Amino acid sequence: MLKPHVYHPHTTTTTTTKTLASLLHKPFSHGTALAFLPFNACFSLGKTAKPFKARVVPNKIKAAVDVNLTDDDGILTDYTVKGVVTVKQTVGGFLSNLGLSRGLDDIQDLLGKSILLELVSRELDPKTGQEKETIKAYAHRVKQKGDDVTYEAEFKVGQDFGEIGAVVVENEHHKEMFLVEIVLDGLTDPITISCNSWVHSKFDNPQKRVFFPPKSYLPSQTPSGLKRLRKEELQTLRGNGVGERKSFERIYDYDVYNDLGDPDSDLNKKRAVLGGNKQFPYPRRCRTGRPRCESDPESETKSNMFYVPRDECFSEVKQLTFSAKTVYSVFHAVVPALQTAIVDKDLGFPYFTAIDQLFNEGVDLPPQEGNNLWREILPRLLKAISDSDNALRFEIPETMERDKFFWFRDEEFARQTLSGINPCALQLVTEWPLKSKLDPAIYGPPESVITKEMVEQQIRGFCSLEEALKQKKLFVLDYHDLFLPYVKKVRQLPGTTLYGSRTLFFLNPDETLRPLAIELTRPPMDGKPQWKEAYRPSWHSSGVWLWRLAKAHVLAHDSGYHQLISHWLRTHCCTEPYIIATNRQLSEMHPIYRLLHPHFRYTMEINALAREYLINADGIIETSFSPGKYSMEICSVAYDLLWRFDHEALPADLISRGMAVEDPDAPHGLRLTIKDYPFANDGLVLWDILKEWVSDYVNHYYPEASLVESDEELQAWWTEIRTVGHGDKKDEPWWPVLKTPQDLIQIVTTIAWVTSGHHASVNFGQYTYAGYFPSRPTIARKNMPTEEATERDWEFFMNKPEVLLLLCFPSQIQATTVMAILDVLSNHSPDEEYLGEKSELAWAKDPVIKAAFEKFNGRLMELEGIIDERNANKDLRNRNGAGIVPYEFLKPFSEPGVTGKGVPYSISI
């Protein structure tokens, strides 16, 4: 009886005489992965003829073998490996398309030539020093279970082939396919290769794809048989920087933000180019290569497709992109329907009960073709009574459920600076008087009109102004210098206005904040001098209403700052260069690639949607937020003035704002200026947990500092982030150096924090706090009545102050549009991947990393309990009290929906 024998180049199992180099010209490699999905594998051993004697090179096969690989004479034999390929059925992929190409693909399946696989040896041939010939086999379709389609292939593998180092894939269909995984076996343990990648048709691109097993290697440790593939995959992912990108491509390259406008359709939609110039520095986005506009050669044309590398866009996989699909539906269907239903775009709410009706009666939307369209795309917003009911009824936010008048209270206004959705803007006051840094020749006197006397009237009985400064009890929300240069431009736009603003707070003995004064400033303009005025809480009706109007302006400023800077700029926008550089410079085999990979899922697709609908000319931001068409210019100014990579680390951010000082004896090495600061309290615990996980991981792969400096991929990655992705700031002295494992730990922890904890804290509570828009209006549409008001204006204020406040608030179309968007943005999809919840396959295969991840997961579970305990503590008044929503934004895990908790790995919405 013959056992499986050694592969011989002259036997019938030989499928080709081509070299690997000719087979794999710049092969693709898979990049971004989704959640790992279940597989079904089946393997067997087969028989072949004509055994021959051969020498076995040590370590070329796995040590533990369950099968006998010799015949009766003790001669080593070939063995058969059966591999199973799992493909996910898609909405738009080859398995569901009708027409000619579908018919041809069905024929390919029947012929058993659906997918061509090639096994690549891990090592070079010891005799020739060349790559070993690959072993080919076609995979044929065998079954379908649910959305998973299974293909099988058999390989005759010789003992001199050695360990399998990679699998090359060619899609023989006419349509792309979503490849979930490949499982190979024949020895002790199956080799599971998690692909989770779109594989293009060979008819679209003849280049083949290459997938690697989960073992990670530094560049210097790459097995000899894989070195060329590792380099060529990176070259392929980088592209050549020319031409328009096609939808099936996976090329990562950089460009400036020159696609926000649409001047060819309307010259009024021309927008400044952000990035690559001194006037408007900005991070880079992914290059699409679209043609330039005829009316503005600096701008890129619009098209029906906003390219993102194919593996960054998973919108066609069933049930895997609930969030992206719903956002797309809101932009395409709901917003246009609202615009149709609400004809007058300037129409405000006539009374506050009309706002309440949004949650009761709703907005009647026009009928849509097809039944249940609204209920399919917005199941949470649409609480329909019958099939014929097309009313868009908004869910009542939790803040309103607990306290209908929460938005009216000054203590809630102050509390939200520490516990709301923009908790990273408050600063300690360190100098008095408050003073602008802008040029007084252009913007007028720099000194604030908030005086010492005003402050001491408010804090009498506690301390003097000097004592308050010394004891670190004064804090400011300062939007003065950022907005003031744009006041004149914004005021030329219809339906909006703007001021520079400062809001001063005092820290009470119980750690709560008390608002003391709001200063609003208009610069010299239109032949008029600078105007500014300070407003304070009052016990007289006129003063009370002026204070409420001033608060509305400040809240609009805070909403704009939150959305443009704390949210978009600091998370979405600044992360995109990290993603591009990671895919261009770090091989998929690199341990740091695999560590960062979960933190980047979905972000580029969400960013592309934002460029298409949110931050574009006449998009949601421009039409619904105070700065209007200048919103993104202000975002660029903020990047220039405020953004520093080293300050994106939570401890450094707190220190830079005066909210903490270093103290080695304090928890987390920091002593908080405000002890009851929920964002900082919970965030620092999460930061420490993240840093411990990153430290365990990095120290495992870099036991010596020299390995960091000698890692050419890692050094190229960090250099490209600094000099290209954030190239407009490449000469800044604050960029961290990358020489030691500790440097790497700090850099990676910062990136991980931004994509997880920071983003979660500013995103998932948006509907909770801004769903009732008077709490956080996005725009102020009327000037203060004290600013050079006519006698008629003042009379109107005196007789109808409530109406003036309603006129200052967003219009009906602005409010309902933003509410619909915020509801979706605050939503966790059913497939959300939470920080530390599930291990990546590559982590689970390494015992040291597996143990570190289990510790990581355990500490995150502990954080859940810590946050629950803090929220139950009556002494922590910024997170516990009558009508107060508990602070849960940094609780790691959540169920689907708008929950106000849960920290995903990535910026997934």
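From a predicted model like this one, the values you see are computed outputs, not experimental measurements. Positions are given from 1, in the same order as the sequence printed here.
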Heavy atoms, side chains only, cut-off 4.5 Å: are [X] and [Y] in contact?
X	Y	result
E832	P896	no
L184	L119	yes
I751	T575	no
W643	I565	no
D711	S220	no
E833	P904	no
V87	V180	no
L218	H590	yes

Any donor-acceptor N/O pair, [X] side chain to [Y] backbone, under 3.5 Å:
X	Y	result
R238	R584	yes
K88	F178	no
T222	P219	yes
S121	G162	no
S761	F889	no
E123	E163	no

Parallel, tilted or perpendicular: rings of H173 and Y151 (30°, 60°): perpendicular

Atom pair [atom1] ([X]) and [atom2] ([Y]), whose distance is rounded to the nearest 0.5 Å:
X	Y	atom1	atom2	answer
R209	W198	CZ	CH2	12.0 Å
R245	D253	CZ	CG	7.5 Å
T750	F645	OG1	CZ	4.5 Å
E233	N583	CD	CG	9.5 Å
T236	L229	OG1	CG	10.0 Å
Y307	E244	OH	CD	11.0 Å

What heavy-atom pair brings [X] and [Y] nearest, and what distance separates the two atoms?
X	Y	value
F211	V199	CZ-CG2, 4.0 Å
Y282	G275	CB-N, 3.5 Å
K208	V168	CB-CG1, 3.6 Å
P213	R594	O-NH2, 3.0 Å
E312	E605	O-CB, 3.4 Å
V256	L274	CB-O, 3.5 Å

Derivation of the salt bridge (Lys or Arg N to Asp or Glu O under 4.0 Å) call for D255 and R285: CA-CA 5 Å; D255 207 343; R285 63 167 175 90; 3.8 Å; yes

My understanding is that only residues two or more places apart in sequence, or in another chain, count here; which of them pass ring-ring contact (aromatic ring centres under 6.0 Å, His included) with [X]?
X	result
Y701	Y697
H572	H567, W568, H759
Y834	H828

With R230, the salt bridge (Lys or Arg N to Asp or Glu O under 4.0 Å) member among E712, E713, E588: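 Considering E712, E713, E588, a salt bridge (Lys or Arg N to Asp or Glu O under 4.0 Å) with R230 is found only for E713.
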
side-chain contact (heavy atoms from CB on, under 4.5 Å) with [X]: which residues, sequence neighbours excluded?
X	result
S906	R601, Y602, T603, S908
V708	Y702, L714, Q715, L738, P741
R722	W718, T719, W735
D728	P281, R284

E648 bridged to R570 by N-O distance under 4.0 Å: yes

Contacts table for residues 847-862: side-chain donor-acceptor under 3.5 angstrom, sequence neighbours left out:
from, atom 1, to, atom 2, distance (Å)
K855, NZ, D696, OD2, 3.0
N857, ND2, G836, O, 2.8
R859, NH1, E692, OE1, 2.9

Residue pair Y257, C573: steps toward the side-chain contact (heavy atoms from CB on, under 4.5 Å) verdict: CA-CA 10 Å; Y257 278 74; C573 182; 3.8 Å; yes

Partners meeting side chain to side chain donor-acceptor pair (under 3.5 Å) with [X] (sequence neighbours left out):
X	value
H599	T755
D688	H668
W717	T582
R611	D259

K838 to Y905 six-membered ring, cation-pi geometry met (6.0 Å, 45°): no

Face-on cation placement of R290 at F306 ring, 6.0 Å and 45° thresholds: yes

Worked check of side-chain contact (heavy atoms from CB on, under 4.5 Å) between I745 and N699: CA-CA 9 Å; I745 289 166; N699 289 329; 3.9 Å; yes

Intermediate values then yes/no, side-chain contact (heavy atoms from CB on, under 4.5 Å), I182 and C195: CA-CA 7 Å; I182 302 168; C195 306; 3.9 Å; yes

H758 versus D653, side-chain donor and acceptor atoms under 3.5 Å: no

Worked verdict on L686 versus L835 for side-chain contact (heavy atoms from CB on, under 4.5 Å): CA-CA 10 Å; L686 182 57; L835 193 67; 3.7 Å; yes

